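To start, the structure itself, in structure tokens.
Counting starts at 1 for both ligands and their atoms, in listed order. What you see is a predicted model, and the numbers here were worked out from it, not measured in a lab.
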Amino acid sequence: MSAPAAAPAADASAPDQTFLTDVLAGLSGDPKSLPCKYFYDAAGSRLFEAITALPEYYPTRIEAAIFRDQAEAIARFVGPGAVLIEFGSGNSEKSRVLLDACGEYVGALAAYVPQDISGPFLETVARRLRNEYPGLPVLPIIGDFTQPVTLPDLPPHRRRVGFFPGSTIGNFGPGAAAKVLRTFHDAVGPGGGLILGADLIKDGATLEAAYDDAAGVTAQFNRNLLTRINRELGADFPVDRFRHEARWNAEQSRVEMHLVADAPRTVTVAGRRFDFAEGESIHTENSYKFSRETLHALAAEAGFTIETIWTDPREQFAVAAMTAE
Ligand code: AVJ
């Protein structure tokens with residue numbers, strides 16, 4: 001998937017206040033943590049792109065295969081003349097297979113609405129799509145998918161279908177995930193649809209390898225968060241002294257990423273000191289994994305009913321099509 005790009009600070013020399021507040025709060029916690037949404041600066045976005053090409057990181061490849069294999073069924077679920085809204089659209093790459101399939105099997109969409117937090121990037125992507133899909137209204141909206149969606153002027157009386165691929169939903173704990181889906185429910189309205197990509201529970205070795213690859217790209221991606229904090233918030237993390245760890249937490253059904261201090265360390269962030277014991281970790285990400293049952297329960301909590309779950313033959317990844325009640 002394309003990573004959600006970070007919004008550039010209005011004044012590049014002034015640290016982003018929200019970023020600083022979030023980092024100080026996370027490092028003041030016990031256990032220490034940092035929000036995973038800050039992974040995606042320019043370097044982090046590039047590293048994530050590299051992760052999606054790793055042999056161990058199966059989700060991107062398998063989801064793409066499901067979209068290809070089920071293109072016709074997915075297009076029929078979207079339906080003729082619908083408005084497709086992609087939340088956190090990035091480079092809109094995953095929508096192309098849907099746009100193509102709708103054109104081929106059910107007739108053109110009424111509009112494609114990519115939503116992303118990076119405005120300049122959105123416009124570039126929209127221009128390219130308008131060239132490649134002449135006649136398709138591409139109506140980008142700037143926004144954060146965790147906030148209520150303000151839709152552009154849309155053709156009236158059209159079915160709206162949300163699209164949220166990549167198992168980005170896995171970054172949210174059970175309650176927060178239902179809240180995110182609820183904002184999508186509000187955006188598509190009763191009778192609208194949602195196509196959701198979600199990674200499935202599997203053996204711990206496969207899961208841990210996907211988040212701790214042999215080439216060390218995920219380790220770089222994780223540590224880049226400290227590099228970013230050093231640069232943007234004037235911190236002094238000895239980045240190489242924090243070891244990358246991926247742990248499958250079966251009880252909570254999530255892969256956790258951590259950065260573990262190799263020795264007792266004191267770090268200063270914007271003039272505040274944080275002490276680390278040897279082996280103390282910063283919990284940087286949760287990537288929740290689902291079963292058919294937990295997907296049905298999550299959908300229901302947000303007011304959706306799942307119509308179909310498409311998977312690959314080994315049931316590694318799921319694409320769920322659901323209807324808003
Ligand atoms: C972008 C949240 C789907 O959890 O698999 C990949 C992020 N972190 N490797 C995921 C990620 C480490 C990814 N998501």
message: Under 3.5 Å between any N/O of Ser287 and any N/O of ligand 1: does that happen in this structure?
response: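 N/O-N/O distance below 3.5 Å exists for this pair.
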
- prompt: Under 3.5 Å, N or O to N or O, is Glu285 touching ligand 1 that way?
  reply: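 Indeed, backbone or side chain, Glu285 has an N or O that close.
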
task: Report yes or no: is the cationic atom of Lys94 (NZ for Lys, CZ for Arg) closer than 6.0 Å to the six-membered ring centre of Phe163, at no more than 45° off its axis?
output: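 Relative to the ring axis of Phe163, which defines the angle, Lys94 lies outside at least one limit.
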
task: Could you tell me whether Arg228 sits above the aromatic face of Tyr40, with NZ or CZ closer than 6.0 angstrom to the six-membered ring centre and within 45 degrees of the axis?
output: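 No cation-pi geometry.
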
Run the numbers for me: atoms of ligand 1, each under 4.0 Å from some heavy atom of [X], listed by number.
X	result
Asn171	2 (C)
Phe221	8 (N), 12 (C)
Phe48	1 (C), 6 (C), 7 (C), 11 (C), 13 (C)
Gly166	3 (C)

message: Check this for me: does any side-chain nitrogen of one of Arg61 and Glu63 sit under 4.0 Å from a carboxylate oxygen of the other?
response: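 The answer is no: the pair does not qualify as a salt bridge.
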
field: Glu132/Arg96 salt bridge by N-O under 4.0 Å criterion
entry: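 A salt bridge links Arg96 with Glu132.
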
message: I'd like to check the side chain to side chain contact (heavy atoms under 4.5 Å, CB included) partners of Val149; sequence neighbours left out, ordered by chain and number.
response: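 For Val149, the residues satisfying side chain to side chain contact (heavy atoms under 4.5 Å, CB included) (neighbours in sequence not counted) are Phe87, Gln115, Ile141, Leu151, Ala187.
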
Contacts of type side chain to side chain contact (heavy atoms under 4.5 Å, CB included), residue Thr323, not counting sequence neighbours: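 Partners of Thr323 by the side chain to side chain contact (heavy atoms under 4.5 Å, CB included) criterion, ordered by chain and then number, come out as Phe77, Glu307.
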
Tyr57, Tyr40, Phe39: member with heavy atom nearest to atom 6 (C) of ligand 1: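 Nearest heavy atom to atom 6 (C) of ligand 1 lies in Tyr57.
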
- prompt: Is Ser167 near ligand 1, meaning one of its heavy atoms is under 4.0 Å from it?
  reply: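 For ligand 1, residue contact (heavy atoms, under 4.0 Å) with Ser167 is present.
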
